[in-house]
Amino acid sequence: MNIAVIGSGYVGLVTGVCLAHLGHRVICVDNNIQKIKTLKSGKVPIYEPGLDKLIKECVAKKRLLFSPSITDATKKSLAIFIAVGTPPKESGEADMVYIENVSREIARCMTDYKLIVEKSTVPAQTGEKIERTIRKYLPEKYRKLEFDVASNPEFLREGSAIEDFMNPDRVVIGVNSKKAEELLREIYKPIKPKMVVTDINSAELIKHASNSFLATKISFINAVARVCTLVDADVLKVAEGMGLDKRIGRRFLDAGIGYGGSCFPKDVEAFIHLSEKNGYDFRLLKTVREINDAQKAAFIKLIEDKMWILRDKTIGVLGLAFKPNTDDMRSAPAVEIIRALQKEGAKIKAYDPQATANAKKLLKNTIYTKDAYSLAKGCDALLLLTEWDEFKTLDFKKIRKLVSHPVLFDGRNLYHEHNLRDLGFEYYGVGVA
Ligand code: UDX
Ligand code: UDX
């Protein structure tokens with residue numbers, strides 16, 4: 001099928017490339033000309049495992065093109081996926097301005113049937129608004145043109161987005177015509193997914209509810225971790241014991257410094273706002289948000305308590321990205337934690353395997369090192385903020401000799417089993433003894 005993907009960010013690019021890999025002919029569009037130039041030159045603007053290789057393959061097979069033009073892509077495509085950003089406004093409400101702009105632009109160049117699919121995370125009832133917008137902006141002589149709007153939310157985790165696309169737990173489609181359903185079924189046919197077919201509003205809500213539920217699970221275990229600290233229990237064992245109950249499940253029960261990224265903080269906020277706007281006070285989610293914020297504050301306080309005066313002390317930060325296997329720094333807990341320590345006068349050194357370039361835009365007065373060992377040199381304490389694989393196998397005997405003081409604050413409980421205390425480290429995790 002000929003497909004256009006409008007918006008070539010983390011979600012749009014992965015979606016476009018994976019659809020091309022499935023055999024479709026895809027045009028990825030972005031209004032950021034520089035991004036399109038980069039992609040055309042064979043470079044990938046983000047770090048996502050496996051993406052560069054897949055792009056090369058699809059481009060070589062002539063199934064994947066990049067373009068700055070919505071008009072060109074719309075004319076050549078039967079299905080058009082919208083994957084532009086939906087950033088939060090000051091109020092927490094998702095900003096739909098890009099979705100509206102893109103809908104208008106698509107409408108203006110439509111001359112035959114199109115299926116317009118919202119891929120971006122949007123509040124319920126956005127599909128109806130897109131449909132109204134398209135109808136309104138269709139050229140005069142095409143006012144009666146047949147088209148469909150559908151919702152097909154993404155559930156792609158950064159760092160394993162390709163795997164999530166190719167082997168999804170489910171594909172959710174919200175449609176209001178048989179034709180739209182059939183086209184979407186055809187698009188996803190090669191991966192034979194479990195399909196949930198529903199109306200557009202429900203599909204939109206599935207996305208918000210799913211991400212908010214996962215955020216709730218994380219905040220729940222973080223709250224439990226706080227209690228564990230108070231009663232001298234071990235949150236890792238508690239999570240293990242809870243997680244073996246199949247009704248609960250172990251995944252997303254990792255206590256730490258809280259969730260970040262471009263989705264959970266924004267989606268929880270947007271869901272609170274959507275509910276409020278429609279007359280429901282979603283207090284549970286407000287608490288989820290509060291617990292998440294408190295997690296960072298508690299970690300900062302722990303560091304302050306244990307190190308006493310931070311002025312002129314050197315703190316080495318292992319990991320900056322909001323999670324491993326991505327270079328994404330959006331809402332990364334590291335930003336708030338580092339800024340708070342810098343405010344107290346601490347000198348920060350930092351190392352991340354992929355996110356340094358993006359971190360430099362957000363965190364000034366920070367010394368960025370090329371690996372964990374040069375980071376450790378002369379540090380009064382180390383913080384583990386992102387659980388990258390390469391940090392799991394660090395040589396702590398060597399690090400012990402490099403640091404000024406062997407103190408480690410483990411924001412992800414990565415080293416709980418490492419017996420760092422036996423190596424002479426002062427070790428602090430989150431909710432672990
Ligand atoms: C975005 C949404 O923010 C998220 O809610 C949704 O689930 C998926 O899409 P992401 O792909 O991570 O997430 O956003 P981002 O990396 O910012 O990509 C958006 C892209 O759209 C950017 O490359 C931007 O240049 C492009 N864009 C934005 C357009 O092409 N046209 C516009 O009008 C606005
Ligand atoms: C999320 C959704 O999982 C995905 O389906 C899609 O909707 C986009 O948003 P993503 O933000 O890429 O994916 O990463 P995810 O793996 O969900 O982690 C989000 C945040 O939660 C990270 O900061 C991570 O460190 C944190 N997290 C995750 C925890 O603190 N504990 C956990 O147990 C799991």
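Note that the numbering runs from 1 along the sequence shown for the chain. Atoms within a ligand are numbered from 1 in the order they appear, just like the ligands themselves. Keep in mind that this is a model prediction, so the values were computed, not measured.
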What atoms in ligand 1 come closer than 4.0 Å to a heavy atom of [X]?
X	answer
R330	12 (O), 14 (O), 15 (P), 16 (O), 17 (O)
N32	25 (O)
T86	2 (C), 3 (O), 4 (C), 5 (O)
K35	22 (C), 23 (O)

State the atoms of ligand 2, each with its element, that fall below the 4.0 Å cut-off from a heavy-atom position in [X].
X	result
L253	33 (O)
K207	7 (O)
R412	25 (O), 30 (O)
C263	8 (C), 9 (O)
N211	2 (C), 7 (O), 9 (O)
Y259	20 (C), 21 (O), 23 (O), 26 (C)

Nearest protein heavy atom to [atom], by residue and atom, and its distance?
atom	result
atom 3 (O) of ligand 2	R157 CG, 3.4 Å
atom 34 (C) of ligand 2	F252 CD2, 3.4 Å
atom 11 (O) of ligand 2	F322 CE1, 3.5 Å
atom 17 (O) of ligand 2	F264 CZ, 3.3 Å
atom 6 (C) of ligand 2	L156 O, 3.4 Å
atom 27 (N) of ligand 2	I218 CD1, 3.4 Å
atom 26 (C) of ligand 1	D30 OD2, 3.2 Å
atom 15 (P) of ligand 2	K323 NZ, 3.6 Å

Can you name the residues that form a side chain to side chain contact (heavy atoms under 4.5 Å, CB included) with D281, not counting sequence neighbours?
E276, R283, K286

Flag G260 as yes when one of its N or O atoms lies below 3.5 Å from any N or O atom of ligand 2, and as no otherwise.
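In this structure, G260 places an N or O atom under 3.5 Å from an N or O of ligand 2.
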
Check: F391 ring centroid to Y415 ring centroid under 6.0 Å
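No: the rings miss the under 6.0 Å criterion.
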
Taking atom [atom1] of [X] as the centre, does the number of heavy atoms from other residues, nucleotides or ligands within less than 6.0 Å exceed 12?
X	atom1	result
K364	NZ	yes
K136	NZ	no
F220	CZ	no

G256: heavy atom below 4.0 Å from ligand 2, yes or no?
no

Among the heavy atoms of E154, does any lie under 4.0 Å from an atom of ligand 2?
yes

Describe, in one word, how the ring planes of Y427 and H416 are oriented to each other, choosing from parallel (under 30°), tilted (30 to 60°) and perpendicular (over 60°).
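Tilted, since the angle between the ring planes falls between 30° and 60°.
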
Pair Y351-D371, side-chain donor/acceptor within less than 3.5 Å
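Y351 vs D371: no donor-acceptor pair found between side chains.
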
Gap between atom OG of S67 and atom CD1 of I36 - 0.5 Å precision:
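Reported to 0.5 Å precision, the distance equals 6.5 Å.
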
Judged by atom type as modelled, is there a donor-acceptor pair below 3.5 Å linking the side chain of S69 to the main-chain atoms of D72?
yes

Please state which part of [X] comes within less than 4.0 Å of ligand 2, counting heavy atoms only: side chain, backbone, both or neither.
X	result
D254	both
D164	neither
R251	neither

With respect to [X], determine whether any N or O atom, backbone or side chain, lies less than 3.5 Å from an N or O atom of ligand 1.
X	result
V102	no
Y98	no
Y10	yes

4.0 Å heavy-atom contact, N101 with ligand 1:
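Contact absent.
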
Does E158 come within less than 4.0 angstrom of ligand 1, counting non-hydrogen atoms of the residue?
no

Check salt bridge (charged side-chain N to carboxylate O under 4.0 Å, His left out) between R104 and all other residues, then give those that pass, not counting sequence neighbours.
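Checked R104 against salt bridge (charged side-chain N to carboxylate O under 4.0 Å, His left out); matches are E100.
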
R170 NZ/CZ over F155 ring centroid, <6.0 Å and within 45° of normal
yes

Test: [X] and [Y] ion pair at under 4.0 Å:
X	Y	result
R135	E131	no
R108	E105	no
K114	D112	yes

Test applied, side-chain hydrogen bond (donor to acceptor under 3.5 Å, both in side chains); reference residue, T121; option that passes from K266, E204, K207
K207

